[in-house]
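See structure below.
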Amino acid sequence: MGSLCNKTYIERPQINRRSAKRHTSILSIKSMYNSGKVLGTGTFGIVRVGWPKSNPHHKVAIKSIDKGLVKNFEVLRTEVEILVGLDHPNIIRLYESYEDDRYFHIVMELCEGGELWDSLLNKGHYKEKDAAELMIKILRAVNHLHKINICHRDLKPENFMFDSKDHDAELKLIDFGLSQKFGSNSKSMTSIVGTPYYVAPEVLKGSYGFMCDMWSVGVIMFMLLCGDHPFVGKDKEELYSHILQGSYEFKSVHWRGVSSQAKDLIRKMLALEPKNRITAEEALCHPWFGFTETNEIHVSPGIIASLKHFKLSSSFQKEVLAYFVNELNHDQIKDLKEAFNSLDTHKNGFITLSDFITVIANSEEHPKTREIEALFWNLDYNKDGRINYSEFLAATLESKHIINEEKLWSAFRHFDPNNTGKITAISLKSALRRAGKVNVDADELIREVDYDKDGGVNFEEFRKIVQG
Ligand code: PIT
């Protein structure tokens, strides 16, 4: 593989003068986390393993960004704002963020399995079936982003990480430093950003939209199957001219045994004109995936039973369950994630009512549509007509029997980090802010559950709230 400019390139970073609510916290990260070995270094910062002091068993990744190296803090705040809104099995999960005099710190899910890039270098290239499994994960993540109006703008194998070293590790999209939100009325983007090998022709021309991501996905798919870049050049000018012409070939020996369907999908992603390019949603229905997708929808009776039993008793309980969801390790999540993916029949990272009816109606007990609808609205507590990934995980937590005494205590300490013995509106507000939940009314949350009106929640009260 070539060694030319694998680094993200940023020209004219956009200045976002929107007054964003601060997501970061005034508590110091050092008082909350211990940190360990370095996992990697990126454009602006360093990523380390860390452990919350409230729960040393839960390993996290902490990215620390040196403010001295950042010209425009708003860009960083936009990155955090975008991360806060992401909730998908194939996208890194943000836990908290902190800011001090020198650094921004982003606390995230830990990925210990390394980059897709390293794995590709090791293997040389992937077998078609393995490449298809990875491509489904990549496309699901991108489809989700596009459905919530986010363009990543720097998709490349270095920005996909495996969450563990196991053979069944999950793939997670990282690095939202160049991501942009766009609305239906938004103008096209103009800054030339991204990484040269993966950059779409319309980005080089200076006027583009979210379909630039699909070009990069096409480049990634090409590389997974043959180990080489589709577009190369002795320098940037030559590389860019190849990209602008869209000239690439299925030439190397590795392409000999590759199916015509795989090549067809690549051609559709590497269409020069963005309007002719296949979308993530369409790509997920491409016949190439026919042989990997079992199309077998399976949600175990245990999971359905816990969905049925689930009843949220307060908004406070909802926030605590969100904390427990973040603590789930990848073994605990595996079957729940598969169930979620089965229910997400449109592969966009949400379960809609129609998805839900289709799957649950076929479950062993064949419940009536009316019952399924009631079940759906019970689970969709923000009533936006779709159950997102963490809402689903929260509702199925019970089936995992994970909330034991020790976990309850670490959760309690998370919301009462100063060990006062009581979670107050102030300590709750601080925890919610760290998690980026700036619009949640902590006073109201406490009022709702503070039956003895002493201004807070002690451990025994906390236990009762969590157990519903
Ligand atoms: C890990 C392990 C690792 C790197 C990362 C996470 C980085 C994640 C990341 C970086 C970003 C961003 C979102 C996620 O916006 O080696 O668990 O700049």
Side-chain angles (χ1 to χ4, degrees), residues 6-10 13-14 16 20 23-24 29 33-52 58-67 69-70 72-99 103-119 121 137-138 141-142 144-145 148 150-166 169-181 193-195 213 326-330 333 434-436:
N6 237 0
K7 291 267 174 291
T8 301
Y9 177 70
I10 311 176
Q14 287 196 343
N16 181 351
H23 289 123
T24 41
I29 189 148
Y33 289 88
N34 290 318
S35 63
K37 74 167 190 208
V38 172
L39 287 166
T41 47
T43 334
F44 294 119
I46 186 163
V47 183
R48 285 196 165 85
V49 180
W51 301 264
H58 182 220
K59 285 200 274 181
V60 299
I62 304 174
K63 178 178 167 184
S64 301
I65 303 147
D66 189 336
K67 288 172 155 184
L69 301 175
V70 182
N72 177 3
F73 293 171
E74 279 307 309
V75 170
L76 274 178
R77 296 205 176 101
T78 306
E79 177 175 346
V80 173
E81 244 182 283
I82 287 179
L83 279 166
V84 166
L86 297 175
D87 184 11
H88 188 276
N90 298 110
I91 299 179
I92 196 98
R93 183 181 284 275
L94 172 112
Y95 298 144
E96 298 191 308
S97 67
Y98 293 80
E99 183 178 343
Y103 296 99
F104 280 100
H105 305 276
I106 306 180
V107 184
M108 296 168 288
E109 178 177 8
L110 177 63
C111 291
E112 290 183 292
E115 297 170 2
L116 176 59
W117 170 259
D118 294 313
S119 166
L121 269 187
K137 295 170 189 291
I138 292 172
V142 175
H144 183 69
L145 287 184
I148 56 169
I150 290 168
C151 178
H152 186 279
R153 300 206 295 180
D154 198 15
L155 296 176
K156 54 181 173 178
E158 294 90 323
N159 281 342
F160 286 93
M161 305 225 23
F162 291 103
D163 67 351
S164 77
K165 293 193 168 76
D166 300 347
E170 189 52 283
L171 194 63
K172 308 263 175 177
L173 174 57
I174 64 162
D175 206 338
F176 289 79
L178 290 182
S179 298
Q180 283 279 307
K181 281 195 170 181
V193 299
T195 302
D213 281 346
N326 285 345
E327 297 259 294
L328 291 168
N329 64 37
H330 104 273
I333 255 173
R434 290 187 322 257

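Since this is a predicted model, take the numbers as computed values, not measurements. Numbering of ligands and ligand atoms starts at 1, following listing order.
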- Would you say Gly40 and ligand 1 have an N/O pair spaced under 3.5 Å apart?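 No, since none of the N or O atoms of Gly40 sits under 3.5 Å from an N or O of ligand 1.
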
- Item | Polar contact flag for Cys111 and ligand 1 (N/O pairs, less than 3.5 Å) |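 N/O-N/O distance under 3.5 Å: yes.
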
- Item | Leu39 side, atom CG; Met161 side, atom CE - distance, nearest 0.5 Å |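 Output value for this atom pair is 7.0 Å.
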
- Message: Using a 6.0 Å cut-off, check whether atom NZ of Lys59 has over 12 heavy atoms from anything other than its own residue.
- Response: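 Counting other residues, nucleotides and ligands, NZ of Lys59 stays at 12 neighbours or fewer.
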
- Query: At a non-hydrogen distance cut-off of under 4.0 Å, which region of Leu83 contacts ligand 1 (side chain, backbone, both, or neither)?
  - Reply: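 For Leu83, the contact with ligand 1 is made by the side chain alone.
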
Shortest protein contact, [atom] (heavy atom only):
| atom | answer |
| --- | --- |
| atom 14 (C) of ligand 1 | Met108 SD, 3.1 Å |
| atom 18 (O) of ligand 1 | Lys63 NZ, 2.3 Å |
| atom 13 (C) of ligand 1 | Asp175 N, 3.3 Å |
| atom 1 (C) of ligand 1 | Ala61 CB, 3.6 Å |
| atom 3 (C) of ligand 1 | Met161 SD, 3.6 Å |
| atom 5 (C) of ligand 1 | Val47 CG1, 4.0 Å |
| atom 15 (O) of ligand 1 | Glu79 OE2, 2.4 Å |

- Task: Heavy-atom contacts with Leu39 under 4.0 Å: which atoms of ligand 1 show up? List them by number with element.
- Result: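 Numbered from 1, ligand 1 contributes 2 (C), 16 (O).
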
- Hey, which atoms in ligand 1 end up nearer than 4.0 Å to a heavy atom of Leu110?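 Selected atoms, number and element: 17 (O).
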
- Query: Does the side chain of Leu86 come within less than 4.5 Å of Ile82's, by heavy atoms?
  - Reply: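 Heavy-atom side-chain distance check passes, below 4.5 Å.
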
- Message: For a quick test of reading the model, state the closest non-hydrogen atom pair linking Gly436 to Val84 and the distance between them.
- Response: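 That closest heavy-atom pairing would be O-CG1, 3.6 Å.
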
- Least distance between heavy atoms, Glu115 atom then Pro157 atom: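 Looks like CB-O, 4.2 Å.
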
- Mutual orientation of the aromatic rings belonging to His88 and His144 [parallel < 30°, tilted 30-60°, perpendicular > 60°]: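 Tilted.
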
- Query: Relative to each other, are the rings of His152 and Phe176 parallel, tilted or perpendicular (30° and 60° limits)?
  - Reply: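 Correct class here is perpendicular.
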
- Would Arg77 and Glu99 count as a salt bridge (charged side-chain N to carboxylate O under 4.0 Å, His left out) if you check the C-alpha gap in whole Å, the side-chain angles of each, and the deciding distance to 0.1 Å? CA-CA 10 Å; Arg77 296 205 176 101; Glu99 183 178 343; 3.4 Å; yes

